[in-house]
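Bear in mind that the values here come from a model prediction, so they are computed numbers and not experimental data.
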Amino acid sequence: MTTSSVSALLQRLAREVDPWTPGFWRDFGIGMLKPLAATAAVALAMALSSTQRLGIEAEMLYAIARSFLQLSVIGFVLQFIFTQKSPLWILPAYLFMVTVAGRTAGQRARRVPRGGYIAGVSILVGTGVTMFLLVVLNVFEFTPRYIIPVAGMMVGNTMTVTGVTMKKLHEDVKSQRNLVETALALGATPRQATAGQVRRSLVIALSPVIDSAKTVGLIALPGAMTGLIMGGASPLEAIQLQIVVMNMLMGASTVSSILSTYLCWPAFFTRAFQLEDSVFSE
């Protein structure tokens, strides 16, 4: 997809979404009727949950209500940011996404000390390096309208991968503690002693990203591609963007997950190259 075609499409959408134009709120309310109608699927899920006595009906309702509110608010926030010409608006939006993602990934790996910090730094570096390459290679313009959505896709994906990596690494080191301590006693460094556990955690965490790249377009149309097609772009233009998205997701996820394993070692080992008992105690 050429930059000019994407820019023309996004500019047209921006003109159509102006909160200050007459009739905007009326049209917005009418447009929200379809999302409200789609909650029938949630009602079906809640009914099935009730019949199976799963006890998660309230959680389902809360999740949908929260997503409805969050997406509505972020829509207006992004609309404001996209109308600004200064690229400086990218930084606060990007750091906010990374902070939330780091905290969420840290909660997944809650047994890793300073897990939120480790995940946040890993996500920041992985997505930052990948975004830098895309901008330098002129794949995307360095403007909020391009960078923020792309960064959001990368941050969301790396959040999952990084959280799984950290969680699985902790579990494997704990379950194979005797092997790790034996290797350390024989003079191995922490990296050498946990090489097998690191490889296993990385393979498990990155497998969904690789599998998604293998089956993209065959099982389901990805979100970026679907959004462009529904926005008026041709399928041929949409697949070009989707190829870029798959490439950047794989790159950012790999960098973030590998970096997270390096950052976990200071929390897993003492300065004497011994496992921290407080981290791996029952």
Would you compute the distance between atom [atom1] of [X] and atom [atom2] of [Y] and round it to the nearest 0.5 angstrom?
| X | Y | atom1 | atom2 | value |
| --- | --- | --- | --- | --- |
| L249 | I210 | CG | CD1 | 12.5 Å |
| M97 | I148 | CE | CD1 | 6.5 Å |
| K214 | D211 | NZ | CG | 5.5 Å |
| L169 | L202 | CG | CG | 8.0 Å |
| L275 | T194 | CG | OG1 | 9.0 Å |
| L206 | S256 | CG | OG | 10.0 Å |

Counterpart residues, side-chain hydrogen bond (donor to acceptor under 3.5 Å, both in side chains), relative to [X] (two or more places apart):
| X | result |
| --- | --- |
| S122 | none |
| R271 | none |
| Q242 | none |
| Q274 | none |

Closest approach of [X] to [Y] (non-hydrogen atoms, all atoms of both residues):
| X | Y | result |
| --- | --- | --- |
| A109 | G163 | CB-O, 4.1 Å |
| T143 | I90 | C-CD1, 3.7 Å |
| F269 | L184 | CE2-CD1, 3.7 Å |
| M166 | C264 | CG-SG, 4.0 Å |
| P144 | P87 | CD-CA, 4.2 Å |
| A188 | A193 | CB-N, 4.2 Å |

* Can you name the salt bridge (Lys or Arg N to Asp or Glu O under 4.0 Å) partners of E171, sequence neighbours left out? -> K167
* Could I get the full list of salt bridge (Lys or Arg N to Asp or Glu O under 4.0 Å) partners for E181, not counting sequence neighbours? => R177
* **Side-chain donor/acceptor of T182 to backbone N/O of N178, under 3.5 Å** => yes
* Asked: When you measure from the side chain of S260 to the backbone N and O of S257, does any donor-acceptor pair fall under 3.5 Å?
  -> yes
* Asked: Can you name the residues that form a side-chain contact (heavy atoms from CB on, under 4.5 Å) with R66, not counting sequence neighbours?
  -> Y62, Q70
* For V135, side-chain contact (heavy atoms from CB on, under 4.5 Å) partners two or more places apart -> M131, F142, I147
Flag the pair [X] / [Y] as yes when at least one side-chain heavy-atom distance between them is below 4.5 Å, and no otherwise.
| X | Y | answer |
| --- | --- | --- |
| I258 | T165 | no |
| T261 | F268 | no |
| R200 | V203 | no |

* To do: Check whether more than 12 heavy atoms from other residues, nucleotides or ligands sit under 6.0 Å from atom CD of E59, and answer yes or no.
  => no
* Asked: Counting heavy atoms not belonging to R191, are there more than 12 under 6.0 Å from its CZ?
  -> yes
Do you reckon [X] sits in the same ILVMFWY cluster as [Y], going by side-chain contacts under 4.5 Å, direct or chained?
| X | Y | result |
| --- | --- | --- |
| F132 | V125 | no |
| V112 | V164 | no |
| V209 | L259 | no |
| V245 | V139 | yes |
| L91 | L88 | no |

* Asked: Which residue pairs pass the ring pair (Phe, Tyr, Trp, His ring centres under 6.0 Å) test with at least one member in residues 87-109, sequence neighbours excluded?
  -> F80-W89
Exercise answer: donor-acceptor pairs, residues 150-160 side-chain atoms, under 3.5 Å, sequence neighbours excluded:
from : atom 1 : to   : atom 2 : distance (Å)
N157 : ND2    : S253 : OG     : 2.6
T158 : OG1    : M154 : O      : 2.8
T158 : OG1    : V155 : O      : 3.1

Residues 34-50, side-chain donor-acceptor partners within the protein, below 3.5 Å, at least two apart:
from : atom 1 : to  : atom 2 : distance (Å)
T39  : OG1    : L36 : O      : 2.3
S49  : OG     : E57 : OE2    : 2.9

* To do: Could you go through the side-chain contact (heavy atoms from CB on, under 4.5 Å) check for F140 and L241 one step at a time?
  => CA-CA 10 Å; F140 293 113; L241 177 63; 3.7 Å; yes
* **ring pair (Phe, Tyr, Trp, His ring centres under 6.0 Å) involving Y262 - partner list, sequence neighbours excluded** => W265
